[in-house]
**Q** 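Below is one structure. I have some questions about it.
Heavy-atom basis, side chains included; hydrogens, waters and symmetry copies ignored. Note that the numbering runs from 1 along the sequence shown for the chain. Numbering of ligands and ligand atoms starts at 1, following listing order.
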Amino acid sequence: MNFDFNDEQKLFADSVRRFALAHLEKDALKRAHDPHFPFDVAKLMSAQGLMGITIPEADGGQGGALMDAVIAIEQVAAVCPRSADVVQFGNFGPIRAFAEYGTAYQKKKWLTDCLAGNAVMSLGMSEPDAGSAVTDLKTTAKPDGSNYIVNGAKVFSTFSPDAAVFLVYARFGPGVGGIGSVLIERGTSGFTIGPPQEFMSGEQWCELHFDNCRIPAENVLLGPGGFKKQMASFNVERLGNTARSLAFGRYCFNQAREHAGVRQQFGRPLCEFQGLQWKFADMAIKLESAQLLLYRAAANADQGLPSAYETAVAKAACNQAGFEVAHEAVQIMGAAGYSKSSLVEYCMRRCRGWMIAGGSVEMLKNRIAEHVFDRRFDQRPLRRQTDAAK
Ligand SMILES: Cc1cc2nc3c(=O)[nH]c(=O)nc-3n(C[C@H](O)[C@H](O)[C@H](O)COP(=O)(O)OP(=O)(O)OC[C@H]3O[C@@H](n4cnc5c(N)ncnc54)[C@H](O)[C@@H]3O)c2cc1C
């Protein structure tokens with residue numbers, strides 16, 4: 001068993017790091033506090049071959065492996081944490097499900113612009129009454145001649161203030177089997193985008209409202225029965241979120257290590273206090289162990305789609321490690337770490353969100369427990385109790 005990158009991966013990591021140092025380091029702090037999608041970075045990354053790393057060359061991607069995309073996130077985040085969102089968008093986000101299942105017409109219409117860094121796509125999955133219980137979603141897509149009429153609302157969609165097109169989970173019929181997805185362009189009649197609202201991280205999102213919104217049948221991505229496929233590719237999105245959690249934690253670790261080496265109190269550098277040395281040891285253990293789980297999930301991905309269990313274990317571990325390490329780094333750096341002139345507090349706030357987004361840590365643990373006991377644990381009330389309550 002070899003825990004090292006191979007020569008090709010080392011070369012790739014090195015080239016991404018050099019690209020990030022040359023183009024992204026300078027404005028890293030400014031970028032972190034700008035809520036808008038950094039289209040300038042997306043264009044640079046497109047030219048560098050960092051968009052669509054795992055998307056087939058025939059579709060305009062690079063035809064690489066999921067592990068390459070993980071390496072790209074790590075190397076970019078180590079220099080400019082915010083720019084890792086562009087690697088996420090171009091490789092792990094809704095674009096990935098879109099590239100996997102989209103028709104030639106759909107790809108021609110939207111994928112090319114997304115991969116070029118000219119447009120961004122947003123995922124409309126969560127609803128006011130369907131968060132963790134995503135299959136409770138109520139947004140409907142009803143056939144009407146050669147069109148579909150969409151009604152419903154979505155919340156919390158990342159990049160929604162800037163997105164040109166939205167991948168929207170919708171219900172074509174009852175039950176899980178009735179769920180699929182459609183593509184809806186900004187500006188479509190009956191589609192209203194609310195004013196931007198802000199997460200703790202400074203990221204913005206808008207409510208999406210569909211009121212008899214008419215879309216052509218060509219905009220259906222996955223029809224009834226598409227939910228399972230959608231979720232299989234959503235594990236890729238989860239791994240992007242996983243990789244960013246870990247990379248942001250490592251960014252904070254490195255900043256705190258540097259700080260502890262030079263900052264003097266009581267006439268000696270902070271790193272000479274055992275109380276802080278043990279914090280660093282615990283942080284290193286968390287990062288190193290979580291990283292192995294991330295690499296396992298990415299390296300084992302069959303045809304680019306990782307296993308649900310390995311993804312759940314990796315995401316829970318990296319989400320927790322990333323946040324705990326970032327949080328501890330703030331403590332080690334004192335007011336300097338808590339200050340907005342450092343990216344450490346920013347990374348901590350971002351890591352906090354990933355413990356909720358894309359499958360909360362609790363929902364992932366539910367999934368892991370099912371694997372442990374090799375049985376399904378229905379999260380819904382028993383039918384007998386529900387019936388009795390009626
Ligand atoms: C930074 C960020 C970005 C996001 N981006 C997007 C996006 O691009 N598109 C999109 O559609 N959505 C997005 N979301 C929404 C995200 O998918 C939801 O927040 C997530 O699914 C959880 O739903 P909820 O927030 O409604 O919490 P709820 O489902 O109401 O859960 C509340 C709490 O209860 C816990 N809980 C719920 N059910 C169980 C259970 N069965 N067992 C144990 N604990 C449980 C949860 O873990 C959580 O801690 C984003 C969220 C965040 C924070």
**Q** With a heavy-atom distance limit of 4.0 Å, tell me whether N366 approaches ligand 1 through its side chain, its backbone, both, or neither.
**A** side chain
**Q** Can you check which of M363, K365, R349 brings a heavy atom nearest to atom 39 (C) of ligand 1?
**A**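 Going through M363, K365, R349 one by one, M363 has the nearest heavy atom to atom 39 (C) of ligand 1.
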**Q** I need the contact type for F159 against ligand 1. Using non-hydrogen atoms and a strict under-4.0 Å cut-off, is it side chain, backbone, both or neither?
**A**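 The answer is neither.
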**Q** Would you please classify the geometry between the Y309 ring and the H371 ring as parallel, tilted or perpendicular, with 30° and 60° separating the classes?
**A**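 Rings of H371 and Y309: parallel, under 30°.
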**Q** Return the residue, atom name and 0.1 Å-rounded distance of the protein heavy atom closest to atom 50 (C) of ligand 1.
**A**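 That would be F156 O, 3.8 Å.
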**Q** Which side-chain N or O atoms in residues 61-76 pair as donor and acceptor under 3.5 Å with protein atoms at least two apart or in another chain?
**A**
| residue | atom | partner | partner atom | Å |
| --- | --- | --- | --- | --- |
| D68 | OD2 | A65 | N | 3.1 |
| E74 | OE1 | Y295 | OH | 2.8 |
| E74 | OE2 | Y295 | OH | 2.9 |
| Q75 | OE1 | R17 | NE | 2.7 |
| Q75 | OE1 | R17 | NH2 | 3.2 |

**Q** Between E324 and K286, does at least one N-O distance fall below 4.0 Å, as a salt bridge requires?
**A** yes
**Q** Counting only heavy atoms, which portion of M125 has something under 4.0 Å from ligand 1: side chain, backbone, both, or neither?
**A**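 The answer is both, backbone and side chain.
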**Q** Does F159 have any ring-ring contact (aromatic ring centres under 6.0 Å, His included) partners at least two apart in sequence or in another chain, and if so, which?
**A**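 Applying ring-ring contact (aromatic ring centres under 6.0 Å, His included) to F159 gives F37.
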**Q** Would you say L208 and V220 are hydrophobically clustered, going by side-chain heavy atoms of ILVMFWY under 4.5 Å?
**A** yes
**Q** I want to confirm something. Looking only at heavy atoms, which of A130, G131, S122 is nearest to atom 21 (O) of ligand 1?
**A** G131
**Q** Which residue owns the protein heavy atom closest to atom 15 (C) of ligand 1, what's the atom, and how far is it?
**A**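 Ranking protein heavy atoms by distance from atom 15 (C) of ligand 1, first comes S126 OG, 3.2 Å.
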**Q** Report the nearest protein non-hydrogen atom to atom 53 (C) of ligand 1: residue, atom name, distance rounded to 0.1 Å.
**A** G353 O, 3.8 Å
